[in-house]
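So the structure is just underneath, and the comments pick up after that.
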Amino acid sequence: MSVISSKAVTLGKAEPKRRQNRLLMTLRGVFSHRLGMIGGTVIVFLVICALLASVIAPYSPFTINYTAILKPPSLEYWFGTDELGRDILSRILYGSQASLQVMAMSIAGALVIGSAVGLVAGYLGGWVDEVIMRVVDGLLSFPAIVLALAIVAALGPSLTNAIIAIAVVNVPDFARLVRGQVVAIRRYEYVQAAKAIGMSPARLMWRHVWPSVRGSVIIYSTLKAAQAIITESALSFLGLGVQPPWPTWGSMLSTAMRYGDSWWMSVFPGLAIFLTVLALNLLGDALRDVLDATTN
Amino acid sequence: MLKMLILRIIQSIPVLVIVGAVVFSIAVALPGDPSLIILGENAPEVERQRIRLELGLDRPVLVQFGDWMFKAVQGDIGKSYKTGEPVVSVLAARIPVTLQLAFLSMLFAVVVGVPLGMIAAIKRNSWVDAVVSVLSVSALAMPFFWVGILLIMLFTLKLRLLPPFGYVPFSEDPVQNLRFMIMPVLTLGSAYVALVARQTRAAMVQVLSSDYIRTARAKGASELRVVTVHGFRNALVAIVTVIGLQFAGMMGGAVVTETVFQLPGLGRMITNAIFDRDYGLMQGGVLVVVLGVIIVNLLTDMAYWLLDPRIQR
Amino acid sequence: MLYAVPAGLSLRGWNMPDQFNVLLEVRNVRKFFGVRGKSVLPTAKYVQAVNEVNFSVRRGEVFSVVGESGSGKTTLGQMLIRLLDPSDGEIMFDGVDLMTLDDQQMRRARKRMQIIFQDPYSSLNPYMTVGDAIGEVLEVHGITKTTAERDQRVDDLLETVGLRSATSVRYPHEFSGGQRQRIAIARAIAANPEFLVADEPVSALDVSVQAQILNLISDLRASMGLTMVFISHDLAVVRHIADRVAVMYLGRIMEIADVDEFFDRPLHPYSQALLSAVPTPDIRRSKQRQVLSGEIASPMSPPSGCVFRTRCPHAIEACAGVVPPLELKSATRSSACIRDDLLK
């Protein structure tokens with residue numbers, strides 16, 4: 001370590017300490033984290049694309065055009081066209097709506113339900129904990145995609161059911177994570193102190209336990225969101241996701257398998273999945289680095 | 001050791017019951033009347049009634065569940081709705097395919113991943129390390145079916161080296177069998193190469209910065225020797241970790257991979273069963289997959305106890 | 001509250017345990033912790049953290065529990081305000097067994113009893129401002145109705161414990177250990193409790209700060225008329241603050257005595273050993289320093305009979321036979337030792 005940098009450290013410490021906003025600190029951390037910044041930018045870009053798909057898409061994703069079948073990428077069709085002459089770029093843009101919607105809603109659902117279950121199991125302990133954790137163990141023995149397939153098969157393929165299936169698949173993961181943290185935090189004296197004050201268990205969990213768990217849950221949801229994207233596209237790929245004619249990245253790839261010579265049909269939708277998952281993973285890793293740094 | 005094994009098996013029992021309950025309730029929740037699926041759309045009511053009685057569908061759900069579990073424990077998990085074959089015999093034909101795929105993929109992951117992780121650890125913070133980490137981050141972000149399609153485009157359509165789809169049992173034609181297996185193994189193995197490389201690197205970095213390695217180095221042992229001799233055990237632990245944590249994921253990957261390459265394994269069987277509404281078969285397939293995951297987890301724990309003297313008692 | 005003792009009145013020299021003066025009575029309390037066995041079947045292995053403990057605390061007095069770490073004093077302290085449930089026995093608070101209260105009643109009762117923990121670093125929630133941490137007590141018990149009222153009361157409390165009121169918007173990590181302990185004390189007294197358990201409240205602090213915090217606790221006790229159970233391993237601290245002393249060893253009480261008597265002439269061999277280990281300016285006594293031999297026994301398999309016998313210099317064969325009961329040896333003190341011949 002050079003003289004200059006150690007000086008900077010001491011200067012930083014000498015600064016007057018004020019009430020610091022943790023969210024702001026985290027954001028600042030992510031901004032200074034190069035890979036996290038890239039990941040975050042890609043996600044923001046994707047969300048904008050999904051929201052504005054109807055505005056920025058050059059063509060309709062549904063209109064069949066027999067005069068432009070299987071056209072390779074050109075100035076007219078940047079990503080080429082599919083077997084029905086539909087513009088791949090437009091279909092990818094519209095497809096992002098389904099992917100992001102399923103991802104966001106299923107992870108949000110899994111987060112809320114899983115965290116609640118984990119909080120209850122971890123805080124109450126005893127036989128409640130034992131029963132919940134055995135169920136969680138059981139569910140975790142299912143490969144995510146197999147359980148999701150079975151649920152969708154039972155409920156019927158649709159956007160809503162894909163959300164439900166992926167949410168259910170992720171609930172035990174969140175429950176296990178939160179439960180582990182709660183068991184660790186429960187021993188802290190401030191939780192004991194809160195109990196000694198005489199507050200209700202609900203308030204205790206919300207005010208004293210949850211804030212310490214929140215950080216890792218957010219990191220975890222980012223990483224789980226990446227997996228949700230893959231699971232959703234796998235469901236669509238197998239024909240059990242969002243149904244045609246609505247475009248999804250997975251179903252586009254499934255069609256592309258039959259047109260192997262038209263490489264653009266499989267390369268671009270795949271790239272869309274790849275970049276989204278990559279961006280979420282990078283963002284998750286960055287958040288972990290930043291939160292580790294701010295809590296220590 | 002034996003005590004631990006027995007304890008773990010006892011601990012798995014409630015998990016198995018829950019798994020059974022989930023699998024059973026999925027089948028109950030599935031749409032469609034089984035009698036229609038078995039007999040076809042225009043079956044006469046009398047026949048349908050007979051089938052329902054035969055399947056015991058007239059009984060309360062809990063009784064059905066108890067009966068189903070009782071039979072399942074004895075190895076009887078029903079018949080295929082479509083063909084009438086016992087599910088067990090269908091599974092017996094499918095399991096070897098999935099096992100071969102999983103085994104070869106893991107082998108591939110270890111053979112490629114361990115050296116990559118070791119090199120990255122030795123040359124840490126160099127460009128080699130950077131390349132390995134970019135590769136693994138990327139590999140982990142690629143869905144299996146996309147990797148599969150890209151491989152088909154490359155090896156079959158471009159280079160015309162490999163057959164795209166199909167399967168021959170190893171016992172019939174080993175060479176052809178392996179030719180069919182190359183692309184599926186590359187597909188499923190890619191993510192695990194990344195995971196194994198990552199774990200190996202982390203384990204090796206830890207070893208390399210420990211005191212006993214510094215001593216070995218000070219005594220003049222070459223870096224390569226240090227890494228291979230002292231790092232071996234840690235690499236093994238890393239591999240076991242990946243297998244243990246990721247086996248469920250690998251089974252999920254197998255479902256997708258088998259579908260892409262039309263391999264007649266368990267995964268393809270499950271997806272087909274869903275489309276055929278052959279729920280008896282689907283139930284059996286899911287049950288076997290999950291059972292496999294539980295067994296592998298058990299074996300992983302055993303391996304840990306063998307490999308890590310600190311856990312041993 | 002008819003018989004409540006006026007604030008600050010010392011109860012030293014009150015010989016009889018007066019029925020009406022007792023705020024807290026502990027009867028035959030035990031606490032066993034199950035130990036997860038490594039074997040196949042969950043064998044019944046237990047740690048006997050607290051075993052057959054009996055004592056009563058009079059209103060307004062400071063009752064001190066001393067003992068080495070592992071003696072069960074912290075577990076006992078947590079049971080007194082039912083942060084832990086005893087495995088057996090009764091904890092009578094103001095004539096009511098706490099174990100008979102349901103959740104709602106217990107939460108209401110908590111207004112009257114509070115605890116100060118040993119470690120001021122882990123006893124404050126790092127995610128809450130000081131003001132919120134203290135104000136929460138007021139909200140939970142509906143002591144203040146409006147935010148303004150709450151903030152005013154928080155500021156008053158902070159001043160009471162010697163902190164500037166501006167501290168209320170800051171987070172715990174911005175304070176030193178001593179300041180944090182002041183905050184924890186402010187939180188403990190916020191609801192005006194009658195009873196306070198102080199679990200080693202100064203032992204995590206620098207020696208220079210210890211005296212300040214002890215004085216603060218003494219002052220508060222006097223001004224609020226608090227009844228306290230003060231848990232400590234530090235005999236110097238105990239001598240400074242306590243009215244009566246109970247000595248614990250391996251989950252059992254060895255001796256209970258008034259503080260002066262205890263320090264002048266400890267009865268139980270364990271008390272004697274503890275006191276002789278304290279460096280004292282008293283030349284006469286420092287000579288007969290007595291060192292305990294052996295290790296403290298495992299609470300999982302305590303010795304038969306008297307738990308202290310394995311380290312006791314006066315142990316005889318009979319000590320292994322029965323657990324000596326805690327008996328009155330004089331009007332003001334009791335001891336759990338069968339060797340009455342030593343008392344001469």
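Residue numbers start from 1 in every chain, and the chains themselves are labelled A, B, ... in the order their sequence lines are given, proteins ahead of strands. Keep in mind that this is a model prediction, so the values were computed, not measured.
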Tell me, for [X] versus chain B, whether the close heavy atoms (under 4.5 Å) come from the side chain, the backbone, both or neither.
| X | answer |
| --- | --- |
| A/Val152 | neither |
| A/Val135 | both |
| A/Leu280 | neither |
| A/Ala234 | both |
| A/Ala150 | both |

Side chains of [X] and [Y] in contact at under 4.5 Å (non-hydrogen atoms):
| X | Y | value |
| --- | --- | --- |
| A/Leu238 | B/Ile274 | no |
| B/Trp146 | A/Leu271 | yes |
| B/Ser138 | A/Phe274 | yes |
| A/Phe142 | B/Val22 | yes |

field: Separation of B/Ile149 CD1 from A/Ser254 OG (nearest 0.5 Å)
entry: 8.0 Å
field: Heavy-atom pair of closest approach, residues A/Pro143 and B/Val290
entry: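 Smallest interatomic distance, heavy atoms only, reads CD-CG2, 4.5 Å.
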query: Minimum heavy-atom separation for B/Ile18 to A/Gly138, with atom names?
result: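 It is CG2-CA, 4.1 Å.
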- prompt: Relative to the ring of A/Phe237, is the ring of B/Phe145 parallel (under 30°), tilted (30 to 60°) or perpendicular (over 60°)?
  reply: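 B/Phe145 vs A/Phe237 ring planes: parallel.
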Residues B/Phe275, A/Leu240; criterion side chain to side chain contact (heavy atoms under 4.5 Å, CB included); working and verdict: CA-CA 9 Å; B/Phe275 283 111; A/Leu240 287 163; 4.1 Å; yes
field: Matching residue for B/Val15 among A/Val136, A/Leu139, A/Asp137 - test: side-chain contact (heavy atoms from CB on, under 4.5 Å)
entry: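 Output: one option passes, namely A/Asp137.
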By a 4.5 Å heavy-atom criterion (distance strictly below it), what part of [X] contacts chain A: side chain, backbone, both, or neither?
| X | result |
| --- | --- |
| B/Met142 | both |
| B/Val137 | both |
| B/Val255 | side chain |
| B/Val260 | both |

query: Please walk me through it: do B/Leu140 and A/Leu278 pass side chain to side chain contact (heavy atoms under 4.5 Å, CB included)?
result: CA-CA 8 Å; B/Leu140 289 174; A/Leu278 189 65; over 6 Å; no
